[in-house]
Amino acid sequence: MPTANTKKQKKGRDTAVQGTNDSSVVSKVSAAAQGYFQDAFLQHFVCKVARRAPLINRGYYVRWKAVDHCVRTFLQVTAECPKRQILSLGAGFDSLYFRLHADGSLDGAVVFEVDFPDVTRRKSALISSNVTLSAMLDSGLPSSPTGPAYVCSGQYRLLGVDVREESRVEEALGAAGLDWAAPTLILSEVVLTYMEPQWSDAVISWAAKLLPQSLLVVYEQIHPHDPFGRVMQEHFQKLNSTLHALRQYPDTSAQRRRFLDKGWERCECVDMNDFLFGLVSKEERGRMESLEPFDEYEEWHQKCSHYFILTACRGSLMEQALLPLTPVPSVHPSPSRPGLGARTVPVCLEGLGMASVSVTPGQILLTGGSCRGGRGSASRVLLRGLEGWKSLSVEPPADLGVRLYHTATSLPGGGAVVFGGRSSPLSPVGDLCRLTFDPDGPESSVKVCVERMVCTGDAPSPRWRHTASVITHRGRDFLFVFGGKNQSEATLGDSSFLNLHQQQWTELPVEGAAPEARHSHSACSYRGGAVMFGGLGRRGVPLGDTTVLRPTERGFCWERVDVRPPPVPRYSHRAHVTGEKLIVVGGVWLHADGVPGVAVIDLATGGNMEFNLDTTSVPWPLMLHSFCSEATDSEGPELLLIGGGGNCFSFGTHLNPQPVCVDLGPALI
């Protein structure tokens, strides 16, 4: 028999799970208020409307869109049926009934909602005290519900019962008028995962057993072990709402097998990136993306890769309501070689959206970015001495203003140029700054002089997430700026050339097909020109192309490199050229199980090798996006990865606390 303490712990966990409903409905109201979807009834279930961040609004938009797609499909498939039902498990303060009733979609349908008695009691009180909601309860059944039924109207039944208690649920639904033989849509939005697997598996099994003509729709989390997944798990553990299902069913394949093993005849499951790009039209995605200023692409795609929408069916009619198989094309890179060694550098330094530049061997200047303390203008220096690396502030302070996602490019004669960036998604920075370093300064610090550059010619529009590299034409050095984004353009595809000697923006003839518009890509100086890789394209999908800008007699020419096997597409990565090898590190891809490590592309042959990172000596999680990287001159070819991380949806912010040194030796043999 369970002890009193065990019962108390269980009640505490149940209360914590119920608390996720209150947070969720506030976020849904925020998304609806910003126009992500239309729902005039959610606001009646919250005491106070609060505006969430654009990333949160997008997350609840794609959740709403996926569930709404499945509901509408079910209603279309069963349109000719004389009777049909929607059964929402763990419904919380969902407004589905009121929304469907208002737009006339419930012809011949009844909505049943089941949740904890405390939740349904509160929901019932909100409905009865609200004129708008109570007016939408049609007659047809006694207005004084009994037992676990808190609301009982002709087309809406609200039941307070724990969905883990199969016999009580079956009894309550039967008493409320559920027709076990009628076509039934069963909804479960982030409900099963809060139960221990033996309970959630039992719910899946009894639903299949009791409802032979049914469609089950499930929305919840996957991929618990990668960096984003680790932060996600820790968040729910802190809330005392552990995501139990992730342990046994960590990905879409395991989830699909789970439902088939529990009595469902067919099952289709896709993550939310696949849903977004496969089942939401380009026009609708464009509408959604235009609603608010946004610059958290990495976190957005990672959030979508850690949630899935699943449909499982019983009965031939319900097969027509399954999700269609329209996934984003998968990329299957060559088998990864043994992991490249990685170790932490014992320096406390964090930040994202910074830019880095090597001052001298063993001195790395970091500019801009943001950290837990907010966005800053102070620059820092990583300095390597006999005792290893240490972080120092720049004296006197090098004032570059507040900027993120800018570029800092080493100049052939010494110094560097800082270009672009933003202080917010509505405030790009368009100036150019030349940095010069005092070679006679003390060895323990770096003295930096900042000079605003006054340039003639037609300057490129202000931007961020672009690239800037040095190229050479007829003995003259140019700063080559490509791509990026700004407050009005999601992707830019223009090229600009700054004559560094004359400080003049000029035009140079460029032949060949230019790469498509993109941002968050990489461009490295290479043989007098530049080599560009990846980025986020105009369709919002990561790119995996490699293109070289080669010098010619007249100017330059774009040439596409046919890389085999194709590298994993990615953006927000870093890249370096070593001889004829392009080293691509980290980045973001659409699928959590395809998080990039290191790709080594041979620019002479087009060959490609993918390497994992051996992170056993590195504190986990390690997020390799929005970071900086610089080659070091220590023994053996090494890269120093600095900063990185991001806001993990509503689960908290993770910033890599220390730089990480990666040994490239095995990759360059």
Side-chain angles (χ1 to χ4, degrees), residues 344-385 388-411 414-423 429 431-438 441-450 464-469 520 522 572-576 585-586 622-634 638-646 655-662:
T344 54
V345 174
V347 174
C348 294
L349 195 158
E350 62 180 28
L352 58 87
M354 300 183 294
S356 65
V357 62
S358 290
V359 178
T360 63
Q363 291 185 335
I364 298 172
L365 177 69
L366 300 166
T367 62
S370 66
C371 60
R372 296 182 197 279
R375 294 165 293 179
S377 59
S379 299
R380 289 160 288 173
V381 170
L382 272 175
L383 184 68
R384 189 180 62 224
W389 291 93
K390 56 184 177 180
S391 175
L392 302 172
S393 60
V394 175
E395 297 294 343
D399 184 13
L400 291 166
V402 174
R403 62 179 84 203
L404 291 80
Y405 299 109
H406 53 295
T407 53
T409 310
S410 294
L411 298 177
V417 170
V418 171
F419 175 65
R422 66 163 177 85
S423 58
V429 181
D431 62 347
L432 274 162
C433 297
R434 185 187 292 269
L435 309 184
T436 55
F437 312 113
D438 184 359
E443 294 183 0
S444 60
S445 66
V446 173
K447 185 176 180 181
V448 180
C449 178
V450 178
W464 65 91
R465 292 181 177 265
H466 56 282
T467 54
S469 49
S520 307
S522 62
S572 197
H573 56 281
R574 290 296 175 264
H576 300 266
V585 184
L622 175 66
M623 291 188 174
L624 291 183
H625 57 79
S626 301
F627 68 107
C628 303
S629 65
E630 292 292 335
T632 71
D633 68 337
S634 58
E638 290 185 334
L639 282 181
L640 196 63
L641 314 183
I642 310 161
L655 300 177
N656 298 328
Q658 297 173 307
V660 171
C661 196
V662 177

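Considering only residues two or more places apart in sequence or on other chains, His466 meets the ring-ring contact (aromatic ring centres under 6.0 Å, His included) condition with Phe419. For Val429, the side chain to side chain contact (heavy atoms under 4.5 Å, CB included) partners at least two apart in sequence or on another chain are Arg403, Asp431. For Ser469, there are no side-chain hydrogen bond (donor to acceptor under 3.5 Å, both in side chains) partners, not counting sequence neighbours. For Thr360, the side-chain hydrogen bond (donor to acceptor under 3.5 Å, both in side chains) test picks out Gln363, with sequence neighbours left out. Looking at residues two or more places apart in sequence or on another chain, you find a ring-ring contact (aromatic ring centres under 6.0 Å, His included) between His573 and Phe533. For the side chain to side chain contact (heavy atoms under 4.5 Å, CB included) test, residues two or more places apart in sequence or in another chain that qualify with Ala355 are Thr367, His406, Ala408. Checked against side-chain hydrogen bond (donor to acceptor under 3.5 Å, both in side chains), Ser356 has the following partners two or more places apart in sequence or in another chain: Glu630. Applying the ring-ring contact (aromatic ring centres under 6.0 Å, His included) rule to Phe627 yields no partners; only residues at least two apart in sequence or on another chain are considered.
For residues 358-367, no pair satisfies salt bridge (Lys or Arg N to Asp or Glu O under 4.0 Å), with sequence neighbours left out. Applying the salt bridge (Lys or Arg N to Asp or Glu O under 4.0 Å) rule to pairs touching residues 348-362 yields Glu350-Arg372, sequence neighbours excluded.
Side-chain atoms of Thr409 come within 3.5 Å of backbone N or O of Ala468 as a donor-acceptor pair. The backbone N or O of Leu622 sits nowhere less than 3.5 Å from a side-chain atom of Asn656 that would complete a donor-acceptor pair.
Tyr405 and Ser626 form a side-chain donor-acceptor contact under 3.5 Å, judged by distance and modelled atom types alone.
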